[in-house]
Amino acid sequence: MVADLSELTGFLPGKVRSLVVKVGSALLVDGDGTVRRDWLAGLVTELAARRAAGQAIIVVSSGAIALGARWLGLAKGGRATLEDAQAAAAVGQIALSQVWADLFASHDLTAAQMLVTLGDLEDRRRYLNASATLERLLGLGVVPVINENDSVATEEIRFGDNDRLAARIGQAARADAVLLLSDIDGLYTANPHRHADAAHIPFVPRIDGAIAAMADADSASGMGSGGMISKIEAARIATGAGAHLAIVSGRVDAPLGAWAAGARGTIFKGAARRGARKDWLAGRLTVKGAIMIDAGAATALSKGRSLLPAGVTSTSGTYARGDVIDVVGPDGARLARGLAEYDSADAARIIGRRSEDVAQLLGEPGRAVLVHRNHMVLL
Ligand code: GLU
């Protein structure tokens with residue numbers, strides 16, 4: 001464990017080839033709504049040095065809503081209504097991109113803006129497009145600066161927080177690591193703002209139930225939208241795709257240097273890589289339903305088998321064939337995610353039945369599996 005940590009500390013260019021750096025709203029924008037330009041210039045100097053040392057850098061930048069809200073004089077930092085947030089983002093994004101472009105240009109680097117919605121990364125074809133664009137930009141030596149396209153994303157189709165967006169971008173770019181620069185220096189056993197005895201956790205080899213329970217939805221600053229829950233979700237997505245993820249404080253000047261020099265942070269270790277398609281599937285956020293299975297089916301699943309109707313105890317949600325559904329074990333833990341072979345109505349009719357009976361029940365030759373192992377990823 002200690003060896004892992006020293007290997008990963010600082011996500012240094014020699015050790016990590018490509019890095020996504022997410023910068024939260026509270027770091028970018030002051031309480032009064034102005035850009036924290038000096039701090040940002042320090043960060044960009046660090047990022048430029050990493051680029052020069054051969055590390056591919058992608059920035060995921062928040063701050064559009066906070067900036068635009070100040071410009072327009074909107075209440076609650078522009079987050080009072082969805083329409084306010086959309087208008088604020090449209091105004092703020094232009095200024096935000098300009099700041100990044102100027103700062104990178106002062107190091108002779110070209111920045112590129114990409115705005116994406118949840119839908120862009122959930123749809124396989126659009127995801128592949130985004131992935132190809134990122135690859136080309138990095139190949140051209142450009143630094144992509146990415147944000148959610150908040151002006152068109154409505155509530156149901158929003159990421160809402162840039163933590164998960166950064167993890168998804170990491171996945172699409174096949175990045176080695178994702179760094180969340182935050183107003184907190186990592187994960188604690190409880191919210192340290194409310195519990196004085198909360199202990200800091202430097203290293204998470206695997207995200208289990210106990211780790212997830214430590215999260216707290218409240219963002220300390222009240223400006224961004226990502227609390228610890230969204231950070232753990234991001235860690236789940238990134239580590240599942242084989243990338244390491246770290247939460248590090250951005251509340252210091254030159255935060256990357258400070259971290260590399262030993263400042264506190266939490267590193268979530270990336271798992272072994274699975275196929276690119278399975279990564280995409282596991283990171284999908286739009287899950288339409290769930291299938292609950294018994295212990296026998298859970299064992300079969302862990303051995304890499306497909307999910308048969310016989311081991312299913314119930315199904316929830318409304319899904320069509322091909323939609324993403326979760327497979328949930330007898331203890332309520334999410335075991336796998338996959339594409340449904342049947343819609344929810346048919347699934348409800350055949351659960352608990354032997355595969356031989358399925359054709360008769362549905363009046364057509366069945367595919368006999370509810371989720372095929374090729375279209376399923378174990379979580
Ligand atoms: N996309 C939002 C913005 O640019 C920020 C989301 C977040 O706070 O994570 O303002």
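All values below were derived from every heavy atom in this structure, side-chain atoms included, with hydrogens, water molecules and symmetry-related copies excluded. Remember, it's 1-based here, ligands and their atoms both numbered in the order they're listed.
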List every atom of ligand 1 that sits less than 4.0 Å from any heavy atom of A64, numbering the atoms from 1 in the order shown and giving each element.
3 (C), 4 (O), 10 (O)

Is there a polar contact, in the sense of an N or O pair closer than 3.5 Å, between E148 and ligand 1?
no

Examine ligand 1 and decide if any of its atoms is less than 4.0 Å from a heavy atom belonging to R164.
no

Mind running salt bridge (charged side-chain N to carboxylate O under 4.0 Å, His left out) on D343 and R321 for me, showing each step along the way?
CA-CA 5 Å; D343 64 34; R321 174 169 149 75; over 6 Å; no

Proximal atoms of ligand 1 relative to D150 (non-hydrogen, under 4.0 Å):
1 (N), 2 (C), 3 (C), 4 (O)

Within this structure, what is the CG-CD1 distance for the pair L187 and I232, rounded to the nearest 0.5 Å?
5.0 Å

A89 to ligand 1, any heavy atom closer than 4.0 Å:
no

Does any N or O of ligand 1 fall below 3.5 Å from an N or O anywhere on N147, backbone included?
yes

Does an N or O from I65, backbone or side chain, lie closer than 3.5 Å to an N or O of ligand 1?
yes

Are the charged groups of E233 and R168 less than 4.0 angstrom apart, N to O?
no

Can K15 and D176 be counted as an ion pair, charged N to O under 4.0 angstrom?
no

After noting the C-alpha distance and the side-chain angles of D163 and K22, does the key distance pass the salt bridge (charged side-chain N to carboxylate O under 4.0 Å, His left out) rule?
CA-CA 7 Å; D163 299 319; K22 180 252 172 177; 2.9 Å; yes

Given that the side chain starts at C-beta and the backbone is N, CA, C, O, which of these parts of L96 lies under 4.0 Å from ligand 1, counting heavy atoms, or is it both or neither?
neither

With sequence neighbours excluded, residues passing ring-ring contact (aromatic ring centres under 6.0 Å, His included) with Y188:
H200

Kindly confirm or rule out an N or O of S61 lying under 3.5 angstrom from an N or O of ligand 1.
no

Taking side-chain contact (heavy atoms from CB on, under 4.5 Å) as the criterion, tell me which of L47, L43, L19 meets it with V59.
L47

Proximal ligand 1 atoms for S62, defined as those under 4.0 Å from one of its heavy atoms:
4 (O), 5 (C), 7 (C), 9 (O)

